[in-house]
Amino acid sequence: MNSSEIQIFFASESGNAEAVALDINKELSRIGIKSTVNEINKFLKNEYNKKTFAIFIISTYGEGEPPSNSVLCFRKLARRSKQALKSAEIPESAQNDSASSDYKHLHFCVLGLGDTNYSRFCNASKSFIGYLDSLGATGFYEHAFADDGLGLEHVIEPWTSKLFEKIHSFIEPLPASSSLENPSTPHQMGQNEQHSANHVELPSWNVNRKYSSSTNRSLFIDYSKLGKVDKLTGLPKLPKLSIALNIIPDSNPIDPTTLNSNGFPNSFQYPKWLFTSGSVDSNSSLNTNDLSSNDPNLDKVFLSRISSSECITAQDATKRTLLLDLDISEPNQNSSISFSNFIGNSRASNLWEAGDSFGIVAPNDPSQVSAILSRLGIDRNLWHLKISISIPSNSPAPSHLAQFVRLPSSPSSPSSHLSNENYSELQTPQNNLLVGENSLGNLPTLFELFLYKLDISSFPKKQILRSMADFCSDVADKSKLLLICSKNGLPIFNNLRESTSIVSLLDILNTFKSCKIPIDALVELLPPLVPRSYSISSSPITNKNSWKFAFNIVEHYLNSDFDKPSFNVPPQNTGTDAQQPANVTSDNFNINDIQNLSAELCDIAISTIPKKYGVCSSWIDSLCNYPQAPKAIKPIDYLQSHSLINKNSLLSALNSSNSDNNSSLEISTNTSNAINTQSHQYIPIFYRKSATLFRLVNPSSSGNLIGTRTNSSLDESDLYQRPIVMISSGTGITPFIGFLEQLANEQLGSEKKLNRSVHMYFGCRNKHLDFIFADKLGFFLKNTILSSLNVCFSRPHLHTTVSTASDCNAFDNAAMHNSSDLNAISSSASSKLVAEVDEKYKYVQDLLDRDAEKLTDLVLVQKARIFVCGNAIGMGKDVNSRLAEILLSSSKVSVSYKIEMLKLLDIETSVENLEKDLTIIDANKALMKLASASRYNRDLW
Ligand SMILES: Cc1cc2nc3c(=O)[nH]c(=O)nc-3n(C[C@H](O)[C@H](O)[C@H](O)COP(=O)(O)O)c2cc1C
């Protein structure tokens, strides 16, 4: 067979399926096979009249439903499939159009993502397979279903590696010159990388975090709630373990006196292998619609300098939000690991746009790593030695560890189940020979492996708990762990997993003290530490070498049921041999012991309740030396005197915080304007462009932004006239600040005034505490870049008496109306805050309801583009259903809106159709239509 293109489609709610699809696409392009990746709705657009191969990655949501952005595709296929099944019952001669052969040219396979803790496991992907089967498509590779409860990677990794073999067997790769890398050779370092690996002294970071999560938390779990359990059911299969860690003696001698009491140095240098791996783990993404998509440099990790940092929420705010500015041009004088060095100076600045995002490769908290290694009894002398990984020749390495695999383990190699006492055996002379001096820089130390590569802070997957049970010497510990990961223990498992105080591996190890899981088993079972993604809140217009971004410091309070009574409970001594794992099976399991034990634990006193911190946000926070948070945020009229006259006036307004600070570079502790511009801290980041571009101008869809019925009389420039509706809450506002900069700049560049309206809907808790970017929004409003600013506060009473130059009434009215109101009302402002905005409107959804008619007109008549950014489960979902309800109810009261809805839905506007009632399903379908025309764009997390 000659070289065909593989089409990859994903249906994803929170990004897992998208990340897998992008990874497959990247790997296919690496091995020289042409592929494209798209949202599943695009699948319907293709014609399948010749042999085509498609891979579908589909997650399941709600109660067995497809992700919200794939509903359109699922509905259409379900309908066609129903027709096909019906027509199969009609004699062939009576059929004039057989739906059952719609997809006879299609060869496909499906990877479903789901979670067995929900009732209808992978239901969406299973339905999808049924639809395609009934429509004549044939499978070219086995379908698979990955369980998030156990760890998606246990299914995904073997499935994808066999998938590539399968594809290789029937598709010839493109000639080597057109492939990005030669698949048979290991990753070759480019010039810059070689430079970095051999000559560059990489910067270091200070390990002392401002806040450290508690390392001695032990959980109180009330098993008695489960009632009587006689026998365990539904235990997950014991995972087959295959990797072994090889410690390389003397590979990184370190003076023990330089280590602190936790066993790690006070600062860590970034390891060279972080920049030479060629790509980051998951979530790195390339867009196939874009010209630059096949650029292997795009997801390379590079260093950026934190050039300024500022706390943009007030002192009393519930959450702290930091605004950082990253210099992406020159990470440090010695290093060539920069964005422009990878991409080329001229391309670097043209590549990114407002709305793009990037990933941060953040390390775990070293104290947590230290606590885990100590808890597992690993000798401190081994922590900072280099290690390699060996695997049996026939098993694939977990992809995030593949770069460290050096030696296939032979039968004589140490077993992967070595107990911790046997670690000296890992230092085999063979390994020294195979891991040459030159490649040592590309290997991690044991500590680094845990620091950068393994997710130690999420709640452990069932397979880890299952394995941990096997390494418990105490019967009660073993029984409890087995119970938690069995079907009977599901309520406890879910309770632990969903706890807002985040139960981690270390918490489990501290709770089940007799568990001595070998470190290589743990390394194999722990999921990869995924880089954190952030939206860029600036545009290249202000500075093409700077990425601004705002994020919340994530803090979890340890106030769940688990943290109530017990800390440091001594393990139960049951008289079993401490070295022998307890012999509990599903048959001799005895719940009574456990229930008696939990009754005893209830009496133990409650200890002080500490907090847990987000991996990335708390790390970045520690690196920044920003002044104390201001007493009140910069108000909406803060930039009122700045007018948009020319580019300089725009830049001066946007950088107003910096200029405030320039007058007092000393770190100030109580001015609301102070920021720190003195940082010499560097962080590893990578450019990340999502497959569903969240940009003002979307190259893949330009020409069709105005509706699903393309109107050829509307040219490119007319697209800019379309109204824009931006909806966000909290830090979801960040990409919109970049959009507004871009719009302001366009306004300056255009001779006649653009007649496009731009509407912002934004929700936060409190106008004095966390109304971030209020000053900039005020500037855009005053200068008519924003036509309306609609803001609501969910906790308006958190802060009652603040004196500022701006009056709350003035703000409220201005925010709800337009810029001329702002001028009029602000001039009458008094200095005391008393009134609050209308408390009827707590969330952005309420504001959407208030403006239902205006929004319907904007969307259906004026063909506005909608952008939504923020939390997926809360805001994103509610905004989606509110918009659907608004479209539906407006079309019920107005014939002209109904006509527009029918047009949008591609339904003829006949009298008969106009008389039929539309349903909420139609309204959701209309939103999907808007989404596939890039008029409803969502960036949710
Ligand atoms: C609110 C919610 C509901 C879910 N419902 C189901 C379900 O009914 N069946 C299932 O198998 N998985 C369910 N899942 C699990 C997801 O399918 C799984 O976590 C998947 O990895 C998500 O992939 P995505 O990030 O691509 O959307 C649910 C997850 C969430 C958060």
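A salt bridge between D115 and R497 is present, with a side-chain N of the basic residue lying under 4.0 Å from a carboxylate O of the acidic one. No salt bridge links K319 with D770; every basic N to acidic carboxylate O contact stays at or beyond 4.0 Å. Taking 4.0 Å as the cut-off between side-chain N and carboxylate O, D147 and K461 do not count as a salt-bridged pair.
Although no hydrogens or angles enter the test, the distance criterion places a donor-acceptor pair under 3.5 Å between the side chain of E524 and the main chain of S242. Looking at S329, its side chain never comes within 3.5 Å of a backbone N or O of N545 through a donor-acceptor pair.
Separation of the F56 and F9 ring centroids falls under the 6.0 Å cut-off. Aromatic ring centres of F867 and F694 lie closer together than 6.0 Å. Ring centers of F268 and F447: under 6.0 Å apart, within the cut-off.
Between Y270 and W619, the ring-plane angle classifies as perpendicular under the 30° and 60° cut-offs.
Separating the CG atom in L323 from the CD atom in E310 is a distance of 5.5 Å, to the nearest 0.5 Å.
Partners of S729 under the side-chain contact (heavy atoms from CB on, under 4.5 Å) rule, at least two apart in sequence or in another chain, are M875.
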Just do the side chain to side chain contact (heavy atoms under 4.5 Å, CB included) check on V523 and L449 with the steps written out, would you? CA-CA 9 Å; V523 168; L449 190 72; 3.8 Å; yes
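With T734 as the partner, the side-chain contact (heavy atoms from CB on, under 4.5 Å) test is satisfied by one option alone out of S535, S538, C869: S535.
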